[in-house]
Structure formats: C-alpha cells, structure tokens
Amino acid sequence: MRAASVQSARSNLGRATAMGRRGVSEGVPLERKHLFGHDAPDAWWLPRNSWSLFPIHTGDNSAGNGGNGHFAGSLIDTSYAAFEPLNVAQAGSHATANAYQTNIVYLDQSATQIAGVGGDGGNGNVASGGDVDAFGPTGLRGFSGMIGTGDNGAGNGGDGHFSGSMVHAPVAVYSPINIAVAGSHSTADAHQTNIVHLDQSATQIAGVGGSGGHGNAASGGTIGASGSAASGEISTGENNAGNGGDGYAYGGVVHATFAFYYPINIAVAGYNSTAHADQTNNVVFDQSAVQKAGVGGDGGNGNAATGGTADIFPSIFDLIGSDVIATGHNSAGNGGNGHFAGNIVDIDVAIYAPINIAVAGYNSTAEAHQSNHVQFDQSAIQIAGIGGDGGHGNVALGGDFATHLLADLHLLDHLA
C-alpha cells in the first residue's frame, strides 16, 4: 500500500507543469492539425528527452531604449558671402563734394552639424524576462542547451557611431569704400558708417551616445527546476536600465572660418579747401565653435536592474552540472564610454583693416575721424573621447541562487 502511494505521487509529480507570466513549463503543448486537415485527437507534447534540442529563451526584451545612430561619410558646409559697395563723390573748382555711406549688414553663416548620435532612452519603462518552471523527477535531465531569461534592457540610451569627416568652412568678404574729392576752393565730405555682424559659429556633434532615461526597470525572469539539473548554461543576468549609450567617433571634425573686412574712407580737398573724413565701425565677428566627438551619454536616475532568481532542486545523486549559472552582470544608471580617434580642428581667420584718410591742400583744413567698436569671438569648446556621467539613485542587483538537496523519489520505493 505504501509503495503504491509513492509510485502514484511520483507519477503525478512527473506530469505536473507550472507557468508564470509568459512562462514555459517542462511539457510543451503543440496544438496542431492532422496532416489530412482534421483535428488531432489530443494535444501533442514533446518528450522529456527532446529538451536538449531546444534552447529556452524568454529574455532579450527591451522597452523605451533609444535607437543607435550610425553615420559614415562626409558632412560639409561651405558658404561664401561677399559684400563690396563703393561710394565716390568728386567735385570741380569752387564746388562741394559729399559722399555718405551707411552699411548695416548681418551675415549668418552658422551651422549645426549632427551625425551618428544615439537616441535618448525613455522614462518609466519595464522590460522583464519570462519565468521558466520545470517540475518532475527528471526535471531538466539531459538538457545541455541554454536557459536564458535575462539580457533585458529598459530606458537605455542608444550608441552613436560616426566615421568620416565633418567640415564647416564659411568665407565672408566685406570691403566698402567711400571717397570724396573736391577741387580748388571746395569742400569734400566723406562719411562712412558700418554696422556689421558676421556669424560663422558652428555646433558640431559626432558619435555621441544618447542619455539614459529615468525610473526604468529591467529584470530577468525566475528559473525554477525540480529534479535533476541541466548541464547547460543558466542565465538570468545581463540586465540593463537607464545606462548612457557609448559614443564612437573616427575621422575629422573641422571648423575653419575666414572673415575679411576692408572699409576705406578718403576725403581729398584742393587748394584753400576743407576735407572731412569720418568713419564709424561697429563690427562683431562670431567664429566660435562647439565640437563634440566620441562622447558617452550620461546615465539616468532612479533605475533598477536585477538578475532573476534561480531555484534548483537537484537530486543528491545528480547534482548541478559543471556549466555556468549566471544571475549577475546587471547595470543601472552608468555613463557610457567615449571613444575618439582622429582630429578636431578649429581654424579662425579674421582680417579687419579700416582705412580713414583726409588730405587737404594749401591753406585748407583736413579732418579724419575714425571710431571702431569691434568684437572678435573665436572661442572653441572641443570635447572628445569623454565618458558620460553616472546617474543617481540607481540599483543593480544580482539575482538570488538557491539549491536544495532532495532525495531521489525512486529511493522511496525501497522503504515500502
């Protein structure tokens, strides 16, 4: 009577299956049609000895991750602007010559160049591997493949890849000329006013990883097995949440600007004359540059990456196999790595040469007035091969691993 009860318990345990959320149990039902079209009488189940033919994989899930950016080639911006007005007034004897010139010029040759940049990770996402449960006296006996419920990602920034060249090379030429010439007993006036703004600034971003999101969770599924353990790899780790993407940049990032400014103001008066030459220049040259290449994205805040739990109930005579059980290598809120190989170049050339001349003859008056307000901004910020900052309040935990030694159920037969 006791032997029959034990045998019945073992039989029932061998047929038991369990499924969690998106779980996989030992028996795999295959609802299939008969070859001739009518339904098969019963659901078909894979035999236990066929487990070794199939890897079990419920992980590798992703949610809210930024996409990777890839760029290979050349990104070139070359602009050319020329402004050359000429103003001349010439008078004969006993005459008056007046030349007035006012120039208000704004040249915008700025550029924003972005290539090979990974997208930022989202916020509040969850990626979780499914559970794998196997119960019975044979458990996962004979299984030599891999059981994977990890490698899940949520809210991670995408990687940025850039290979090639990025060039911004604008050229601006500005040369107004103002001349007034008067003869004998005459008056010559030459007035020139220039208000010029040259914007040749550039923002160049290449191979930059996206930033990680906030409040994301990535966790591996739980693996539970009763009976003899498998000899393959069991992995519930490798989960990532809110990490910044890596940045890779290989090539050249060049910002080369050229600005030429040549205003000339001349007043010439003859014998017994008066010559006035007045010049006012208000000029701003903006040749600044911000160049980033191969920069890792920053890690997010408040993320959690957790390895799944592995519960193994092996027989005392058939312990766990010799391969790997991994629940770690989880990461959350880490800054991405920065990789750069090549050149970052900023070349700024600005030439400013206003000329103001007043020439008067004998017994005359010559006045030359020049006022210059010039601002040159040739600053540059160059960032290359920099890793991103880590986030705050993140948690990365390895999963729990528990093994329980149970007596072989078939040994209970000898107790009857």
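It should be emphasised that the depicted structure is a prediction, and the values quoted were computed from it without experimental measurement. Values below: every heavy atom of this structure, side chains too, minus hydrogens, waters and symmetry copies. Counting from 1, the numbers follow the sequence of the chain as shown.
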Asker: With sequence neighbours excluded, what pairs up with S165 under the side chain to side chain donor-acceptor pair (under 3.5 Å) test?
Answerer: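 Partners of S165 by the side chain to side chain donor-acceptor pair (under 3.5 Å) criterion, ordered by chain and then number, come out as S74.
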
Asker: What's the shortest heavy-atom distance between G294 and F340, and which atoms?
Answerer: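 The pair with the smallest heavy-atom distance is CA-CB, 4.4 Å.
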
Asker: Going by side chain to side chain contact (heavy atoms under 4.5 Å, CB included), name the residues that satisfy it together with N243, two or more places apart in sequence or in a different chain.
Answerer: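 Partners of N243 under the side chain to side chain contact (heavy atoms under 4.5 Å, CB included) test: N156, N240, S331, N334.
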
Asker: To the closest 0.5 Å, what do you measure between CG (D286) and CG (L107)?
Answerer: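 Output value for this atom pair is 12.5 Å.
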
Asker: Considering only heavy atoms from C-beta outward, does the side chain of T78 approach that of P170 to under 4.5 Å?
Answerer: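 When only atoms from C-beta onward are counted, P170 and T78 do not touch, as no gap falls below 4.5 Å.
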
Asker: Please enumerate all residues that pass ring-ring contact (aromatic ring centres under 6.0 Å, His included) together with Y262, with sequence neighbours excluded.
Answerer: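 With sequence neighbours excluded, Y262 shows a ring-ring contact (aromatic ring centres under 6.0 Å, His included) to no residue whatsoever.
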
Asker: Scan for ring-ring contact (aromatic ring centres under 6.0 Å, His included) pairs involving residues 196-217, sequence neighbours excluded, and state none if there are none.
Answerer: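 Found Y106-H197.
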
Asker: To the nearest 0.5 Å, how far apart are CD1 in I104 and CD1 in I195?
Answerer: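 Here the interatomic distance stands at 4.5 Å.
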
Asker: Who pairs with N356 by side chain to side chain contact (heavy atoms under 4.5 Å, CB included), at least two apart in sequence or on another chain?
Answerer: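 Here the qualifying residues are N265, A277, Q279, A368, Q370.
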
Asker: Give the C-alpha distance, both sets of side-chain angles, the deciding distance and a yes or no for side-chain contact (heavy atoms from CB on, under 4.5 Å) between D199 and Q109.
Answerer: CA-CA 6 Å; D199 186 357; Q109 295 176 316; over 6 Å; no

Asker: Taking only residues two or more places apart in sequence, or in another chain, which ones meet Y100 in a ring-ring contact (aromatic ring centres under 6.0 Å, His included)?
Answerer: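 Per chain and number, Y100 pairs via ring-ring contact (aromatic ring centres under 6.0 Å, His included) with H191.
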
Asker: Report yes if some heavy atom in the side chain of I355 is under 4.5 Å from a heavy atom in the side chain of P263; otherwise report no.
Answerer: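 A side-chain contact is absent here, since even the closest heavy-atom pair is not under 4.5 Å.
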
Asker: Take V117 and I205 through the test side-chain contact (heavy atoms from CB on, under 4.5 Å) and record every step on the way to the result.
Answerer: CA-CA 8 Å; V117 177; I205 301 174; 3.9 Å; yes

Asker: Using the test side chain to side chain contact (heavy atoms under 4.5 Å, CB included), find all partners of S364 that sit at least two apart in sequence or belong to another chain.
Answerer: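 So S364 forms a side chain to side chain contact (heavy atoms under 4.5 Å, CB included) with S273, A360.
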
Asker: Give me the one residue out of N394, N123, N125 that meets side-chain hydrogen bond (donor to acceptor under 3.5 Å, both in side chains) with N303.
Answerer: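 Considering N394, N123, N125, a side-chain hydrogen bond (donor to acceptor under 3.5 Å, both in side chains) with N303 is found only for N394.
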
Asker: Under a 3.5 Å distance rule, please check whether N216 uses its side chain to pair with a backbone N or O of G122 as donor and acceptor.
Answerer: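 Confirmed, N216 side chain pairs with G122 backbone.
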
Asker: Start with the C-alpha distance between T257 and D348, add both sets of side-chain angles, then the distance that settles side chain to side chain donor-acceptor pair (under 3.5 Å), and finish with yes or no.
Answerer: CA-CA 5 Å; T257 61; D348 301 311; 2.7 Å; yes

Asker: Can you tell me how far apart CD1 (I357) and CD1 (I264) are? Round to the nearest 0.5 Å.
Answerer: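 Nearest 0.5 Å value for the CD1-CD1 distance: 7.5 Å.
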
Asker: Could I get the full list of side chain to side chain contact (heavy atoms under 4.5 Å, CB included) partners for A341, not counting sequence neighbours?
Answerer: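 Only Y250 meet the side chain to side chain contact (heavy atoms under 4.5 Å, CB included) criterion with A341.
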
Asker: Just checking, is any N or O donor in the side chain of N337 or Y248 under 3.5 Å from an acceptor N or O on the other one?
Answerer: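 Not at all, the side chains of N337 and Y248 share no donor-acceptor pair under 3.5 Å.
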
Asker: Do T96 and S186 pass the side-chain contact (heavy atoms from CB on, under 4.5 Å) test, and can you show the C-alpha distance, the side-chain angles, and the key distance before you say yes or no?
Answerer: CA-CA 5 Å; T96 299; S186 299; 5.6 Å; no

Asker: Let me confirm one number: the OG1-NE2 distance from T365 to H276, rounded to the nearest 0.5 Å.
Answerer: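 Rounded to the nearest 0.5 Å, the OG1-NE2 separation comes to 7.0 Å.
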
Asker: For side chain to side chain donor-acceptor pair (under 3.5 Å), just list the numbers for H392 and N301, CA-CA rounded to whole Å, side-chain angles, deciding distance to a tenth of an Å, and then say yes or no.
Answerer: CA-CA 5 Å; H392 306 285; N301 303 322; 4.7 Å; no

Asker: Using atom types as modelled and distance alone, determine if a side-chain donor or acceptor of D298 lies under 3.5 Å from a backbone N or O of D389.
Answerer: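 Side chain of D298 to backbone of D389: a pair is present.
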
Asker: Test of understanding: with ring-ring contact (aromatic ring centres under 6.0 Å, His included), list the residues that count as partners of Y174, not counting sequence neighbours.
Answerer: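 Result, ring-ring contact (aromatic ring centres under 6.0 Å, His included) vs Y174: F83, Y261.
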
Asker: Any chance you could measure S79, atom OG, to D108, atom CG, to the nearest 0.5 Å?
Answerer: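 Interatomic distance, S79 OG to D108 CG, rounded to 0.5 Å: 9.0 Å.
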
Asker: Taking only residues two or more places apart in sequence, or in another chain, which ones meet H94 in a ring-ring contact (aromatic ring centres under 6.0 Å, His included)?
Answerer: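 Testing H94 for ring-ring contact (aromatic ring centres under 6.0 Å, His included), a comparison that skips the adjacent residues, returns H185.
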
Asker: Let me confirm one number: the CG-OG1 distance from N239 to T306, rounded to the nearest 0.5 Å.
Answerer: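 It is 7.5 Å, given to the nearest 0.5 Å.
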
Asker: For the pair Q204 and H168, evaluate side-chain contact (heavy atoms from CB on, under 4.5 Å) and give the outcome as yes or no after the intermediate values.
Answerer: CA-CA 9 Å; Q204 297 170 307; H168 176 234; 3.6 Å; yes

Asker: Please set out all donor-acceptor pairs under 3.5 angstrom arising from side-chain atoms of residues 374-385, sequence neighbours excluded.
Answerer:
from	atom 1	to	atom 2	distance (Å)
D377	OD1	S379	N	3.1
D377	OD1	S379	OG	2.8
Q378	NE2	Q287	OE1	2.7
Q382	NE2	Q291	OE1	2.9

Asker: Just wondering, do P176 and E84 contact through their side chains at under 4.5 Å, heavy atoms?
Answerer: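 No; the side chains remain at least 4.5 Å from each other.
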
Asker: Nearest heavy-atom pair of A289 and H255: which atoms, and what distance?
Answerer: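 Scanning both residues completely, I find the closest heavy atoms to be CB-ND1, 3.2 Å.
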
Asker: Specify whether F71 and F162 have parallel, tilted or perpendicular ring planes, treating 30° as the upper limit for parallel and 60° as the lower limit for perpendicular.
Answerer: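 F71 and F162: parallel rings.
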
Asker: What residues form a side chain to side chain donor-acceptor pair (under 3.5 Å) with H339, not counting sequence neighbours?
Answerer: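 H339 satisfies side chain to side chain donor-acceptor pair (under 3.5 Å) with no residue once adjacent residues are dropped.
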
